[in-house]
Undergrad: 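Dropping a structure here in structure tokens format, bear with me for questions.
None of the values given here were measured: they were computed from a predicted structure.
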Amino acid sequence: MLRPNILLTGTPGVGKTTLGKELASRSGLKYVNVGDLAREGQLYDGYDEEYDCPILDEDRVVDELESQMSEGGVIVDYHGCDFFPERWFHIVFVLNTDNSVLYKRLETRGYNEKKLKDNIQCEIFQILYEEALASYSEEIVHRLPSNQPEDLEDNINQIMKWIEEWIKDHSS
């Protein structure tokens, strides 16, 4: 059975991982957190002192994911999206969070002041939504609110309906 590939993207702290894991659990699709994949495979290309984090080797990540993506049925979670091949995804969801909610979430993670400020600005200016629109066909890019627990359930239900329709449409 053909199954869709889904990209969950958005500023760090918007709830991609929570949504992705729950979606995988309910849908039977495979969940891949790119940050975890990079950590496990040491898919890095240096270290960013200013942001106090490793620099992702995007080419190695794409190589690592290629076979899974061609099989289908994968939910990919990452805050960037412009380096993934366009052909990989059937739909892209960009999660958005109110700045006050996001600030608290990132503060809890212990982000330094610069990282905090830059991520909040990224959300204010909708940088990742714009990146998704520039990287994928506009018809497959959708925004989802992610501020409170009810949003999570609403988003899961909406995406589950989409998955069911996609599978039905592609099963003949």
Undergrad: Which heavy-atom pair separates Ser146 from Gly15 by the least distance, and what is that distance?
TA: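 Heavy atoms only, the tightest pair is OG-CA, 4.2 Å.
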Undergrad: Does Cys53 offer a backbone N or O that forms a donor-acceptor pair with the side chain of Asp48 under 3.5 Å?
TA: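 No, because the side chain of Asp48 does not come within donor-acceptor range (under 3.5 Å) of the backbone of Cys53.
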Undergrad: Closest heavy-atom contact between Ser137 and Glu86?
TA: N-OE2, 3.6 Å
Undergrad: Is a side-chain donor or acceptor of Arg60 paired with a backbone partner of Gln42 at a separation under 3.5 angstrom?
TA: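 Answer holds: yes.
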Undergrad: What's the spacing between Leu102 CG and Leu95 CG if we round to 0.5 Å?
TA: 11.0 Å
Undergrad: Assess whether a salt bridge exists between Asp36 and Arg39, defined as any Lys/Arg side-chain N lying under 4.0 Å from an Asp/Glu carboxylate O.
TA: yes
Undergrad: Assess the residue pair Asp118 and Lys114 against the criterion (side chain to side chain contact (heavy atoms under 4.5 Å, CB included)); give the C-alpha distance rounded to whole Å, side-chain angles, the decisive distance to 0.1 Å, and a yes or no.
TA: CA-CA 6 Å; Asp118 288 354; Lys114 175 165 179 46; 2.8 Å; yes
Undergrad: About how many Å separate OG of Ser135 and CD of Glu130, when rounded to the nearest 0.5 Å?
TA: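 Answer rounded to 0.5 Å: 11.0 Å.
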Undergrad: Check whether any side-chain N or O of Asp45 sits under 3.5 Å from a backbone N or O of Ile55 as a donor-acceptor pair, and report yes or no.
TA: no
Undergrad: Which distance, rounded to the nearest 0.5 Å, do you find between the CD1 of Ile120 and the NZ of Lys115?
TA: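 If I round to the nearest 0.5 Å, the distance is 13.0 Å.
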Undergrad: Using modelled atom types only, decide if a donor and an acceptor are shared between the side chain of Arg3 and the backbone of Gly28 within a distance under 3.5 Å.
TA: yes
Undergrad: Report yes if the side chains of Leu8 and Ile75 come closer than 4.5 Å at any heavy-atom pair, otherwise no.
TA: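 The answer is yes, as the side chains (C-beta and beyond) meet within the 4.5 Å cut-off.
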Undergrad: Same cluster for Trp166 and Phe89 if Ile/Leu/Val/Met/Phe/Trp/Tyr side chains link at under 4.5 Å?
TA: no
Undergrad: Are Leu106 and Ile127 connected in the hydrophobic side-chain network, where two residues link if heavy atoms are under 4.5 Å apart?
TA: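 Yes, Leu106 and Ile127 fall within the same hydrophobic cluster.
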Undergrad: Donor-acceptor pair, Thr97 side chain versus Asn147 backbone, under 3.5 Å?
TA: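 Here the side-chain-to-backbone pair does not exist.
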Undergrad: Are the charged groups of Glu123 and Arg143 less than 4.0 angstrom apart, N to O?
TA: no
Undergrad: Quick one about Asp52 and Tyr47 (side-chain donor to acceptor, distance below 3.5 Å, no hydrogens or angles considered), yes or no?
TA: yes
Undergrad: How far apart are the C-alpha atoms of Val76 and Val34, what are their side-chain angles, what is the distance that settles it, and do they pass the side chain to side chain contact (heavy atoms under 4.5 Å, CB included) test?
TA: CA-CA 7 Å; Val76 174; Val34 172; 3.7 Å; yes
Undergrad: Taking the side chain as everything from C-beta on, heavy atoms only, tell me whether Met1 gets closer than 4.5 Å to Ser171.
TA: no
Undergrad: Does any part of the side chain of Leu144, heavy atoms only, come nearer than 4.5 Å to the side chain of Ile159, both counted from C-beta?
TA: yes
Undergrad: Side-chain contact, heavy-atom cut-off 4.5 Å: Leu23 with Tyr31?
TA: no
Undergrad: Treating His142 as the side-chain partner and Phe93 as the backbone partner, does any N or O pair qualify as donor plus acceptor under 3.5 Å?
TA: no
Undergrad: Does the side chain of Phe84 reach to within under 4.5 Å of the side chain of Glu58, using non-hydrogen atoms?
TA: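 SC-SC contact between Phe84 and Glu58 ruled out.
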Undergrad: Leu2, Val74: one ILVMFWY side-chain cluster at the under-4.5 Å cut-off?
TA: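 No, it is not one cluster - the side chains of Leu2 and Val74 are not joined through contacts under 4.5 Å.
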Undergrad: Supply the atom-to-atom distance His170 NE2 to His90 NE2, rounded to the nearest 0.5 angstrom.
TA: 6.5 Å
Undergrad: Does the pair Glu165/Lys168 count as a salt bridge with the N-to-O cut at 4.0 Å?
TA: yes
Undergrad: Does Tyr136 belong to the same Ile/Leu/Val/Met/Phe/Trp/Tyr cluster as Met69, with side-chain heavy atoms less than 4.5 Å apart forming each link?
TA: yes
Undergrad: Using side-chain heavy atoms (C-beta onward) and a distance below 4.5 Å, is Leu128 in contact with Cys81?
TA: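 No. Closest side-chain heavy atoms not under 4.5 Å.
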Undergrad: Would you find a donor on one side and an acceptor on the other, under 3.5 Å apart, between the side chain of Asn155 and the backbone of Leu152?
TA: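 Side chain of Asn155 to backbone of Leu152: no pair is present.
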Undergrad: Applying the 4.5 Å side-chain criterion to the ILVMFWY set and letting contacts propagate, would Leu133 and Phe125 be lumped into a single cluster?
TA: no
Undergrad: Would you say Thr108's side chain and Lys104's backbone share a donor-acceptor pair under 3.5 angstrom?
TA: yes
Undergrad: How close do Tyr111 and Leu116 get, counting heavy atoms only, and between which atoms?
TA: O-CD1, 3.9 Å
Undergrad: What closest approach, in Å, do Ala132 and Val92 show between heavy atoms, and which atom pair accounts for it?
TA: CB-CG1, 4.2 Å
Undergrad: Measure the spacing between CG of Leu65 and OH of Tyr78 and express it to the nearest 0.5 Å.
TA: 11.5 Å
Undergrad: Under a 4.5 Å cut-off applied to non-hydrogen side-chain atoms, are Ile167 and Pro4 in contact?
TA: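 Yes, close enough: below the 4.5 Å cut-off.
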Undergrad: Identify the heavy atoms of Asn119 and Pro12 that sit nearest to each other, and give their distance.
TA: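 Taking every non-hydrogen atom into account, OD1-CD, 3.1 Å.
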Undergrad: Can you tell me if CD on Glu150 sees more than 12 non-hydrogen neighbours from other groups inside 6.0 Å?
TA: yes
Undergrad: Verify, without hydrogens or angle tests, whether Asp82 (side chain) and Glu131 (backbone) share a donor-acceptor contact under 3.5 angstrom.
TA: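 Answer holds: no.
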Undergrad: Hey, is the main chain of Thr11 close enough, under 3.5 Å, to the side chain of Lys16 for a donor-acceptor pair?
TA: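 Yes, the answer is positive, given that a donor and an acceptor are paired below the 3.5 Å cut-off.
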Undergrad: Considering non-hydrogen atoms only, spot the tightest contact between Ser67 and Ser70 and give its length.
TA: O-OG, 2.9 Å
Undergrad: If you apply the rule side chain to side chain contact (heavy atoms under 4.5 Å, CB included), what do you find for Leu19 with Ile156, and how did you get there?
TA: CA-CA 7 Å; Leu19 176 61; Ile156 289 167; 3.5 Å; yes
Undergrad: Side chains of Val62 and Trp88, heavy atoms from C-beta outward: is any pair under 4.5 Å?
TA: yes
Undergrad: With rounding to the nearest 0.5 Å, note down the distance linking CG in Asp98 to CZ in Arg105.
TA: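 With rounding to 0.5 Å, CG (Asp98) is 9.0 Å from CZ (Arg105).
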Undergrad: Using a strict 4.0 Å threshold on nitrogen-to-oxygen distance, state whether Glu22 and Arg26 make a salt bridge.
TA: yes
